[in-house]
K.L.:
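Have a look at this one.
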2 protein chains.
Amino acid sequence: MNVFRVIRPPDIFTLLNLVFGFMAILFAGRATGGSSTQYALVFILLAAMADGLDGLVARKMGGSPLGANLDSLADLVSFGLAPPFLAISAFHLPPHIWPAAILFLICGALRLARFNIVSAKSDQHFEGLPIPAAGLALSASVLLGKPQLTIMLMLFLALLMTSSIPYPKIRDLRLMTLFSGVYILVAAVLLWRHDTNYILYAALLLAGLILLYMISPVVITRLRKGR
Amino acid sequence: MNVFRVIRPPDIFTLLNLVFGFMAILFAGRATGGSSTQYALVFILLAAMADGLDGLVARKMGGSPLGANLDSLADLVSFGLAPPFLAISAFHLPPHIWPAAILFLICGALRLARFNIVSAKSDQHFEGLPIPAAGLALSASVLLGKPQLTIMLMLFLALLMTSSIPYPKIRDLRLMTLFSGVYILVAAVLLWRHDTNYILYAALLLAGLILLYMISPVVITRLRKGR
């Protein structure tokens with residue numbers, strides 16, 4: 001089977017997601033807390049945008065046979081591997097902390113493998129925190145410059161990913177536009193502003209947005225009870 | 001669904017494969033041509049052994065529902081991402097060479113995604129060079145210290161992976177033992193010998209073994225014609 005012939009438009013975005021994830025790892029490898037950390041985060045944001053567009057295009061134009069498999073592969077690289085690798089590189093975390101990063105990676109892989117076997121179940125909800133949200137939250141935390149916080153977050157996000165908490169699927173175009181707008185704003189700040197305060201605000205904005213999504217199951221349950 | 005409850009023995013080896021791949025990336029990130037390059041290759045060899053055991057255990061004890069998905073994820077990290085990342089780090093390859101590494105990664109991902117949709121077709125052959133062989137060949141080439149060779153190899157291996165050349169599945173226990181024996185020998189030399197000559201011999205032995213596998217389709221076709 002000629003694999004290049006079965007590639008469809010959504011797969012191009014999936015491959016872009018993978019390439020951005022690899023670029024993030026290349027920049028993270030040079031990270032010493034300076035601007036390469038920022039560039040790595042910019043690539044993780046680009047990967048998240050490519051991942052969103054891939055889903056959107058697949059729903060409009062139809063998916064490809066390779067779609068589901070390629071998607072998991074790209075997501076693991078961009079959101080399961082690049083963020084903990086960035087954390088280790090940026091903070092020079094010593095080997096006795098690596099197990100936290102390994103746990104994050106393993107739980108990310110298990111989350112993706114589970115998704116592929118139960119994804120048909122619900123059209124409304126994901127089971128457990130989606131890996132792009134976990135990866136973005138972890139990467140944003142690196143910019144806050146607090147290694148302890150990032151390490152705690154690795155463990156917490158690993159648990160949330162493998163939990164059975166129902167997370168809403170964001171397919172509302174207004175909400176998707178809001179998310180993309182914030183990603184582009186944060187990426188622009190990271191690329192053109194080298195002022196520590198601006199970078200801190202950008203990281204907080206991104207972390208805040210992801211935090212809102214992380215607590216959304218609690219809010220939804222409360223709203224339902226209130227009805 | 002509690003994902004930890006569906007994990008079966010072969011999945012443990014798959015997760016080990018993933019962890020060894022991540023360790024290879026962590027060591028490659030520090031690689032400057034010195035012993036961290038050797039350690040990175042040792043982890044890629046360990047990942048290959050875990051990958052082999054995973055298949056063996058799955059055939060003996062039965063696979064798990066997560067198996068196929070987890071397997072691709074681990075293989076992409078250990079053999080699709082770690083080897084080109086090691087090449088870039090060890091040789092300090094400049095950004096205009098990165099597209100070769102990106103092509104290797106993309107072709108590896110396409111090879112894995114195709115395998116998951118056509119794997120039921122043949123029990124005797126793989127379609128295209130399997131990604132562990134490509135990853136091992138690329139990593140071994142890094143130890144030879146010739147950046148040009150490694151770059152050419154990236155492009156050539158990328159093509160072989162996405163080709164439709166039938167590669168034999170190695171399931172003969174004697175052959176598997178031979179491969180494992182060579183892996184262990186090479187890993188031992190890399191860990192305990194820091195003499196350049198020994199390292200070169202070890203890299204050549206590994207490269208030779210993989211090369212034999214790479215040309216095996218030609219040999220098999222010739223033998224069949226001779227019959």
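Since we're looking at a predicted model, the values are computed, not measured. Lettering of chains follows the sequences in order, A, B, ..., and the numbering in each one begins at 1.
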K.L.:
Picking from B:L15, B:V6, B:L18, B:D11, which has the most non-hydrogen pairs under 4.5 angstrom with chain A?
P.N.:
B:L18
K.L.:
Measuring heavy-atom distances to chain B, does A:S164 have an atom under 4.5 Å in its side chain, in its backbone, in both, or in neither?
P.N.:
side chain
K.L.:
Looking only at non-hydrogen atoms, find the nearest pair between B:V3 and A:L110 and report the distance.
P.N.:
CG2-O, 3.8 Å
K.L.:
Under a 4.5 Å cut-off applied to non-hydrogen side-chain atoms, are A:L76 and B:L76 in contact?
P.N.:
no
K.L.:
Would the number of heavy atoms belonging to other residues, nucleotides or ligands and lying under 6.0 Å from CZ of A:F156 be above 12?
P.N.:
no
K.L.:
Please collect all ring-ring contact (aromatic ring centres under 6.0 Å, His included) contacts where either partner lies in residues 46-67 of chain B, sequence neighbours excluded, each pair once.
P.N.:
none
K.L.:
Do any of residues 94-102 of chain A have a heavy atom less than 4.5 Å from a heavy atom of chain B, and if so, which, in residue order?
P.N.:
A:W98, A:A101, A:I102
K.L.:
Identify the heavy atoms of B:R114 and A:L66 that sit nearest to each other, and give their distance.
P.N.:
N-CD2, 3.8 Å
K.L.:
Hey, does B:V19 have a side-chain heavy atom less than 4.5 Å from the side chain of A:L105?
P.N.:
no
K.L.:
Rounded at 0.5 Å granularity, tell me how far CD1 in A:I25 sits from CG in B:L81.
P.N.:
4.5 Å
K.L.:
Tell me, for B:I7 versus chain A, whether the close heavy atoms (under 4.5 Å) come from the side chain, the backbone, both or neither.
P.N.:
side chain
K.L.:
For residues A:F85 and B:F85, establish whether the separation of their ring centroids is below 6.0 Å.
P.N.:
yes
K.L.:
Chain B heavy atoms under 4.5 Å from A:L73: which part of the residue, side chain, backbone, both or neither?
P.N.:
both
K.L.:
State, with a plain yes or no, whether a side-chain heavy atom of B:F22 is found less than 4.5 Å away from one of A:I88.
P.N.:
yes
K.L.:
Return the CD1 to CG distance between B:I117 and A:L70, rounded to the nearest 0.5 Å.
P.N.:
9.0 Å
K.L.:
Please determine whether side-chain contact (heavy atoms from CB on, under 4.5 Å) holds for the pair A:L112 and B:N69, giving the CA-CA distance in whole Å, both sets of side-chain angles, and the decisive distance to 0.1 Å.
P.N.:
CA-CA 8 Å; A:L112 288 165; B:N69 287 310; over 6 Å; no
